[in-house]
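First the structure, in the form of structure tokens, and then the observations on it.
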Amino acid sequence: MKTQTQIPAANRAAADAHPALAGPTMLAGMANALPPHVWFCVSAVFHYLGPAFAVLLFAQVGVLGMAWLRIATAALIFAPLTRPWRVFAGADRAQRLLLLAFGICLAVMNCSFYLALDRLPISLVAAIEFVGTIAVALVGLRSRRNFAALAIAVIGTLLLIDVKWSSDPVGLFWAFLNGALFVGYIVIGHRVAQAGIGIGGLGAAMAVAFLAVLPIGFREALPAFASPQLLGAAIGVGICSSVIPYICDQLAMARLPRASFALMLSLLPLTATLIGVIVLRQVPSLTDCFGIALVIAGVAMHKPVANT
């Protein structure tokens, strides 16, 4: 186990200034033993497992009910681990505003994501979501090599994703709102991670998200409480969608430049393809394989720059 002297100075300073943050901060410090790319890859895998199961539950608990159950599960799991009330008490005014913004972003993003999935193919929702991350990556390029890396990754992603327009304006509205908020998740989440309150801040933000969705999806979620199997499935979705990937994202964001993290999001279609092969026996086409190769090449070409 790492000693305190092995933990980044920013994290140690945050823990010393706010004892309530010490537990989560020390956890993030010990997690530095693994490269940040490992945490991102774990997040990328679970990023698609959760929504895949969630769509299957829409008929039983409703779209917003599923969003409520997902956020409630994550909030209840994080509460005893991060003690969000102590995180808020130990944070300064700027950190509290940051956590409030993060929590509201998580709440609206999750709801709009599920509302979009209920009306549009997941491939189209994913394509729209990835458009916003391109802008984040562009901000921190700073070199022709990184611009070329992004261009190659984008081409590969477009080959992997079946990008089709839709005649459903409501579905498109929710998809574009989700895409915009996903950019907010990257930017605000990166600031939370860099502030040294990553895991503790995530727990506090999830508590805010739970309060935000409490009056919205609770009624639709009620059928889950009458069925142990349905409730168990919903809890599993919450763990796969909002606990494992969000923790891994924070551990990766704490050590990756924001532009690098945004570029690595182009790996998400790759993980979706691999999950399709392993779980659903969906063998990729030659075009898909070419797209995978371009994405890997683009990420491999990218040279991280200073945090932005």
F210-W85 co-clustered via ILVMFWY side chain contacts under 4.5 Å: no
From CD (Q95) to CG (L100), nearest 0.5 Å: 12.0 Å
Distance in Å, T73 OG1 paired with W68 CH2, rounded so as to fall on 0.5 Å steps: 8.0 Å
Path from V170 to L177 over hydrophobic side-chain contacts below 4.5 Å: yes
Min side-chain heavy-atom separation L57-M66 under 4.5 Å: yes
Ring pair (Phe, Tyr, Trp, His ring centres under 6.0 Å) involving F225 - partner list, sequence neighbours excluded: none
For the student: nearest non-hydrogen atoms of S242 and A74, plus distance: CB-CB, 3.6 Å
Trace of the side-chain contact (heavy atoms from CB on, under 4.5 Å) decision for L172 with D168: CA-CA 6 Å; L172 286 173; D168 190 332; 5.6 Å; no
Distance in Å, I188 CD1 paired with L97 CG, rounded so as to fall on 0.5 Å steps: 11.5 Å
Side-chain donor-acceptor contact under 3.5 Å, Y185 with D249: yes
Test item: F102 and L202 side chains (from C-beta on) under 4.5 Å apart, heavy atoms: yes
Heavy-atom closest contact (A107 atom, A212 atom, distance): CB-CB, 3.9 Å
Heavy-atom pair of closest approach, residues L230 and V61: CD2-CG1, 3.6 Å
In one Ile/Leu/Val/Met/Phe/Trp/Tyr side-chain cluster, 4.5 Å: V213, L76: no
Reported CE-to-OH distance for the pair M109 and Y114, which is rounded to 0.5 angstrom: 10.0 Å
Gap separating the CD1 atom of I247 from the CH2 atom of W39, nearest 0.5 angstrom: 9.0 Å
Worked check of side-chain contact (heavy atoms from CB on, under 4.5 Å) between L64 and E220: CA-CA 7 Å; L64 293 178; E220 288 190 32; 4.0 Å; yes
Nearest heavy atoms of G103 and A209, plus distance in Å: O-CB, 3.3 Å
Minimum side-chain heavy-atom gap W174-N178 below 4.5 Å: no
Nearest-0.5 Å distance that lies between atom CG in L106 and atom SG in C111: 11.0 Å
Expected output: side-chain R70 to main-chain S241 donor-acceptor under 3.5 Å: yes
Beyond-backbone contact of L251 with I199, side-chain heavy atoms, under 4.5 angstrom: yes
R96 CZ: over 12 foreign heavy atoms closer than 6.0 Å: yes
L181 side chain near S112 side chain, heavy-atom distance below 4.5 Å: yes
Exercise: identify the closest heavy-atom pair between L69 and A234: CD1-CB, 3.7 Å
Side-chain touch I77/I239, heavy atoms, less than 4.5 angstrom: yes
Heavy-atom pair with the smallest gap, counting every atom of M206 and Y246: CE-CD1, 3.5 Å
